[in-house]
Amino acid sequence: MKTTTGYSGTQIALHWLVAVLILVAWLTGEGAEEALEAVEEGGTAGFVPHVAMGLAILALVVVRIMVRMSRGAPAAPGAAGSLAVRAAEWGHGLIYLLMIAVPLGGISVWFLGMDLEGAHKLAANLLMLLVLGHALMALYHQYVLKDGLLRRMMKAG
Ligand code: HEM
């Protein structure tokens, strides 16, 4: 993958848009559970915000990965191959994987009627934990290490 000097405006916009949508999707999960129960009891669900969020996240993450593959991304700060850099790379990779797997799990439950609710929930909670750690690391870089990392996700470069 190409190494760039910074993220593009598109990459930055997608990062923050997906971050907000993931938070809303997580907060609206319970509503989807109730809607699914209503459907199973023979009722209709109507518009379910959680399902709309999940579909939007999946589409935007696919675009995000395509942009990353064609444009590249800046190298993680720190010595190449160091534990911190490898942890950042694996962490980002795992977040990408779950940003695809969690909506696909939701689609399997909602549209295909598969019995995967437990796995979908577990993976979603794992994603939220990783994101929490990710945000804390970003703040640690910005305010403790003072290396200006947050600026890389604020201003195109
Ligand atoms: C749902 C929430 C979030 C998700 C899913 C997410 C996901 C990601 C991913 C996958 C990357 C790697 C980008 C790449 O190189 O392709 C990244 C980078 C980054 N994220 Fe997040 N993020 C979230 C929330 C946040 C928050 C709340 C902050 C700040 C407090 C933050 C700060 C950053 C920064 C500074 C980078 C750039 C790191 C670097 O330059 O290597 N993110 N994020």
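Please read these numbers as outputs of a predicted model, since none were measured by experiment. By convention here, the first residue in the shown sequence is residue 1. Remember, it's 1-based here, ligands and their atoms both numbered in the order they're listed.
- Ligand 1 has no atom lying under 4.0 Å from any heavy atom of Gln142.
- Comparing heavy-atom distances from atom 9 (C) of ligand 1 across Arg64, Met1, Arg151 singles out Arg64 as nearest.
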(request) Give the intermediate values and the outcome of side-chain contact (heavy atoms from CB on, under 4.5 Å) for residues Met153 and Gln11. (result) CA-CA 8 Å; Met153 236 350 144; Gln11 284 175 308; 5.7 Å; no
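- Residue Ala88 comes nearest to Ala76 through the heavy atom pair CB-CB, 4.4 Å, listed as atom of the first residue, atom of the second, then distance.
- Heavy-atom minimum distance, Leu116 versus Ser108: CD1-CB, 3.9 Å.
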(request) Check step by step if side-chain contact (heavy atoms from CB on, under 4.5 Å) holds for Val62 and Ile100. (result) CA-CA 8 Å; Val62 169; Ile100 294 286; 4.1 Å; yes
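- Each of the following atoms of ligand 1 lies closer than 4.0 Å to a heavy atom of Arg68: 14 (C), 15 (O), 16 (O).
- Of all protein heavy atoms, the one lying nearest to atom 4 (C) of ligand 1 is Val131 CG2, 4.0 Å.
- Between Glu33 and His50 the shortest side-chain heavy-atom distance does not fall below 4.5 Å.
- Residue nearest to atom 24 (C) of ligand 1, selected from His134, Glu89, His141: His134 (by heavy-atom distance).
- Heavy-atom minimum distance, Ala56 versus Leu21: CB-CD1, 4.1 Å.
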(message) Please determine whether side-chain contact (heavy atoms from CB on, under 4.5 Å) holds for the pair Leu14 and Arg64, giving the CA-CA distance in whole Å, both sets of side-chain angles, and the decisive distance to 0.1 Å.
(response) CA-CA 7 Å; Leu14 284 169; Arg64 195 172 159 184; 4.2 Å; yes
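- Across the listed options Gln11, His15, Met128, His15 owns the non-hydrogen atom lying nearest to atom 42 (N) of ligand 1.
- Shown in contact with Tyr96 at under 4.0 Å from a heavy atom are these atoms of ligand 1, numbered in order with element: 10 (C), 13 (C), 14 (C), 16 (O).
- Heavy atoms of other residues, nucleotides or ligands lying less than 6.0 angstrom from CD of Glu40 number more than 12.
- Atom 38 (C) of ligand 1 has as its closest protein heavy atom Tyr7 OH, 3.9 Å.
- Scanning all heavy atoms of the two residues, the minimum distance from Met128 to Ile22 falls at SD-CG2, 3.9 Å.
- Ligand-side atoms of ligand 1 in range of Ala138: 29 (C), 32 (C), range being under 4.0 angstrom from any heavy atom.
- For the residues Ala73, Gly72, Ala135, the heavy atom positioned nearest atom 27 (C) of ligand 1 is part of Ala135.
- For ligand 1 and Arg152, the ligand atoms under 4.0 Å from any heavy atom of the residue are 39 (C), 40 (O), 41 (O).
- Counting heavy atoms from C-beta on, the side chains of Leu127 and Trp26 never come closer than 4.5 Å.
- Less than 4.0 angstrom separates some heavy atom of Ile95 from each of these atoms of ligand 1: 5 (C), 7 (C).
- In terms of protein heavy atoms, atom 1 (C) of ligand 1 is closest to Ala19 CA, 3.4 Å.
- Closest approach of Met99 to Ile57, counting heavy atoms only: O-CG2, 4.2 Å.
- Here the shortest heavy-atom pairing between Arg152 and Pro77 reads NH2-CD, 3.9 Å.
- Of all the atoms in ligand 1, the ones that sit under 4.0 Å from a non-hydrogen atom of Leu150 are 29 (C), 35 (C).
- Of all the atoms in ligand 1, the ones that sit under 4.0 Å from a non-hydrogen atom of Leu149 are 35 (C), 39 (C), 40 (O).
- At a heavy-atom cutoff of 4.0 Å, ligand 1 is contacted by the side chain of Met99 but not by its backbone.
- Protein heavy atom at the shortest distance from atom 26 (C) of ligand 1 is Trp16 CZ3, 3.6 Å.
- Of the protein's non-hydrogen atoms, Met153 CG, 3.5 Å is the one closest to atom 34 (C) of ligand 1.
- Contacts between Tyr140 and ligand 1 below 4.0 angstrom, taking non-hydrogen atoms only, are absent altogether.
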